[in-house]
Amino acid sequence: MDMLELLNFYIIPGLVLGSIYALGAVGITLAFAILRYAHLAHGDLATLGAFIALAIVQASGMSPLAALPFAMIATAVVAVGIDKGFYEHLRERPKIITVMASLGIALMVRAVVQVVWGVDAESYVRGIVRPETYWGLRIKDREIWTVVFMIVLVGALHLFLARSKWGKAMRAMSDNPSLALLSGIDNRKVVMLTWVIAGGLCAAAGVFLGINTELKSMMGWQMLLPMFAAAILGGVGRVEGAVLGGLIVGVAEELSVLVLPSEYKAAMAFAILLFMLLVRPTGLLRGKVL
């Protein structure tokens, strides 16, 4: 196998898949850094966002990329509503209770998707999409858009956290919640903003997974482990770490088929997760969160 074949069939698909994982992992790391628990409904929120975009595409005829902002807003509203309805009253309880509640929310969201859209596979666009050739590299337009949108969304988030008033408030809450509250930061607004961002990124991850593959009611649940592996690999609480972890997990999954049967590709994320927890549980980019 020459280098071009390696790039075309493994590295490029791995980077595209890793970009999708990165979007989801950033939302996971934000929720963990500020709320201090692992949100197990993250994958199914991504599924919901993907199917909301499908409904918009079917109703209006617009492209999935044009429907993406509306799906992000709708999923963000759902995420805030879930927090208000189910998580808020558990805020002072042990975190494990909220984690288990999020598992129940995941089942509920998935059931809603299956009732409304069914369990059959769907697609945004029918037909075969042929790749373009750039300097010997075979790349589809949707793959370029996936990576570009990931860079733009994560870059915008990084600027928001670094420059804006509420971004700094989120960083303060993640660093020292008690001191942040004493400084006058409104905890409820920070939590709501966290869910708005996490919900929007969930929708983006689900839509781009649907654009590059197909939509299934279990798609979010199946990418939950890779997203958690990406967040832990990069260092929980680090936005740039989640991006790095997502890209590594995506490429590792695609390269694994060179030595393992394709059925075991999904196990690569589990292997990376276990390895990092054993060798470097703080992640590749440890240090100050966010």
Side-chain angles (χ1 to χ4, degrees), residues 21-49 75-110 157 161 166-167 169-181 185-203 205 220-221 223-239 241-242 245-246 269-270 273-274 276-277 281-283 285-290:
Y21 290 159
L23 288 170
V26 170
I28 286 175
T29 206
L30 274 178
F32 189 88
I34 295 173
L35 304 174
R36 298 296 196 273
Y37 63 84
H39 188 232
L40 300 182
H42 213 74
D44 288 284
L45 277 176
T47 304
L48 179 64
T75 309
V77 171
V78 171
V80 172
I82 288 173
D83 177 68
K84 294 293 185 182
F86 298 95
Y87 299 150
E88 190 173 50
H89 70 284
L90 300 174
R91 207 85 78 202
E92 303 302 323
R93 304 289 296 276
K95 297 302 181 185
I96 187 62
I97 296 178
T98 309
V99 173
M100 297 310 297
S102 71
L103 178 60
I105 295 298
L107 299 174
M108 291 170 58
V109 172
R110 193 184 316 155
L157 175 61
L161 292 173
W166 284 108
M170 291 175 67
R171 292 170 61 193
M173 283 294 297
S174 69
D175 189 41
N176 192 324
S178 300
L179 183 59
L181 290 173
I185 293 175
D186 191 333
N187 177 53
R188 291 175 299 175
K189 289 184 178 179
V190 170
V191 170
M192 184 178 71
L193 187 57
T194 301
W195 283 115
V196 167
I197 296 173
L201 291 175
C202 273
W221 181 254
M223 70 175 182
L224 183 64
L225 180 59
M227 291 191 301
F228 268 97
I232 293 173
L233 176 61
V236 175
R238 298 293 298 267
V239 171
F270 186 67
L273 179 61
L274 287 180
M276 286 304 299
L277 290 175
T282 55
L285 303 181
R286 56 183 175 178
K288 189 175 180 180
V289 296
L290 296 187

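Summarising the geometry, atom CE belonging to Met276 is positioned 9.0 Å from atom CD1 belonging to Ile232; distances are rounded to the nearest 0.5 Å. To the nearest 0.5 angstrom, Phe228 atom CZ is 14.5 Å from Leu233 atom CG. Annotation: the span from Ile197 atom CD1 to Met192 atom CE amounts to 11.0 Å, rounded to 0.5 Å. Atom OG1 of Thr75 sits about 13.0 Å away from atom CH2 of Trp195, to the nearest 0.5 Å. With rounding to the nearest 0.5 angstrom, the OG1 atom of Thr98 is 11.0 Å from the CE atom of Met100.
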Result block: side-chain N/O donor-acceptor pairs under 3.5 angstrom for residues 84-91, not counting sequence neighbours:
from  : atom 1 : to    : atom 2 : distance (Å)
Tyr87 : OH     : His39 : NE2    : 2.9
His89 : ND1    : Phe86 : O      : 3.3
Arg91 : NH1    : Asp83 : OD1    : 2.9
Arg91 : NH2    : Asp83 : OD2    : 3.2

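A 4.5 Å side-chain heavy-atom check between Leu201 and Leu157 finds at least one atom pair inside the cut-off. Put simply, the side chain of Met173 does not reach to within 4.5 Å of the side chain of Val191, judged on heavy atoms. Looking at Thr47 and Arg110, their side chains never come closer than 4.5 Å, going by heavy atoms from C-beta outward.
The shortest non-hydrogen separation linking Ala169 to Val190 is CB-CG2, 4.1 Å. Counting all heavy atoms, side chain and backbone alike, Val99 lies closest to Ala38 at CG2-O, 3.6 Å. Residues Ala230 and Ala25 share a closest heavy-atom pair of CB-CB, 3.8 Å. The minimum heavy-atom distance linking Gly43 with Leu224 is given by the pair N-CD1, 3.7 Å. Between Ile34 and Ser174, the shortest heavy-atom distance links the atoms CG1-CB, 4.1 Å. Contact detail for Val236 and Thr29: the closest heavy-atom pair is C-OG1, 3.4 Å.
Annotation for Lys95: atom NZ counts as buried by contact number, over 12 foreign heavy atoms lying within 6.0 Å.
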Next on the checklist: Go through it in stages, so that I can follow the logic: the residues are Asp186 and Trp166, the test is side-chain contact (heavy atoms from CB on, under 4.5 Å), and I'd like the CA-CA distance, side-chain angles, deciding distance and then a yes or no.
Outcome noted: CA-CA 10 Å; Asp186 191 333; Trp166 284 108; 4.3 Å; yes

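Residues passing the side-chain contact (heavy atoms from CB on, under 4.5 Å) test with Val109, sequence neighbours excluded: Asp44, Leu48, Ile82, Ile105.
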